[in-house]
Amino acid sequence: MKKIIYTDKAPAPIGPYNQAVLAGNTLYTSGQIALNPVTMELVTETIEIETKQVMENMKAVLEAAGMTFENVIKSTIFIMNMGDFSRINGVYETYFDEKTAPARETVQVACLPKNVNIEISMIAVL
């Protein structure tokens, strides 16, 4: 059984996908970029601000599924510039307890939707 997760506290999908799908006890999120969910404008002043917006969007999706970052077991981070890794990590780590942080990979890519600098997706379990 799958349940579609949606919240207006995160950006509405900009294509044929949902913010997240709950299958059993496992939540699969779509990638989040730094769209302000109210204005649907990009928030990209600095990589730190952009990363914070992405994480706040992800927080809203997790909460819509009755979860928190403590439920996250896997994160995937796509970035345009590996030189931004430490600055991204500095924001990302504030959302997790290091002792229980999820597994993760960070991949540099050639391009992301709307030419953003970062996109993050997660898998979480109740």
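Throughout, residue positions are numbered sequentially from 1 according to the sequence presented. For the numbers below, each heavy atom of this structure counts, side chains included, while hydrogens, waters and symmetry mates do not.
- Side-chain N or O atoms of Asn57 include none that pairs as donor or acceptor with a backbone N or O of Pro11 at under 3.5 Å.
- Closest approach of Gln108 and Asn81 over heavy atoms only: OE1-C, 3.9 Å.
- The shortest non-hydrogen separation linking Lys114 to Leu42 is O-CD1, 3.8 Å.
- Formation of a donor-acceptor pair under 3.5 Å by the Asn36 side chain with backbone atoms of Thr39 is found in this model.
- Under a 3.5 Å cut-off, the side chain of Ser75 and the backbone N or O of Met122 do not form any donor-acceptor pair.
- Rounding to the nearest 0.5 angstrom, the gap separating the CE atom in Met80 from the CG atom in Leu112 is 6.0 Å.
- Listed here is the closest heavy atom pair of Leu22 and Met67: CD1-CE, 3.9 Å.
- More than 12 heavy atoms of other residues, nucleotides or ligands sit less than 6.0 Å from atom NZ of Lys74.
- Residues Met58 and Phe69 come closest through the heavy atom pair CG-CE2, 4.2 Å.
- The CD1 atom of Ile79 sits 6.5 Å away from atom CG of Asp84, with the distance rounded to the nearest 0.5 Å.
- Here OG1 of Thr94 is found 11.5 Å from CD of Glu48. Values are rounded to the nearest 0.5 Å.
- When each of Val107, Thr106, Ile118, Ile33 is checked for a side chain to side chain contact (heavy atoms under 4.5 Å, CB included) with Phe78, only Val107 meets the rule.
- Among all heavy-atom pairs drawn from Pro13 and Gln19, the shortest one is CG-N, 4.1 Å.
- A cation-pi contact, defined as under 6.0 Å to the ring centre and within 45° of the axis, is absent between Arg104 and Phe96.
- To the nearest 0.5 Å, atoms OG1 (Thr29) and CD1 (Ile5) are separated by 11.5 Å.
- Nearest heavy atom pair, residue Gln53 against residue Pro37, reads NE2-CD, 3.7 Å.
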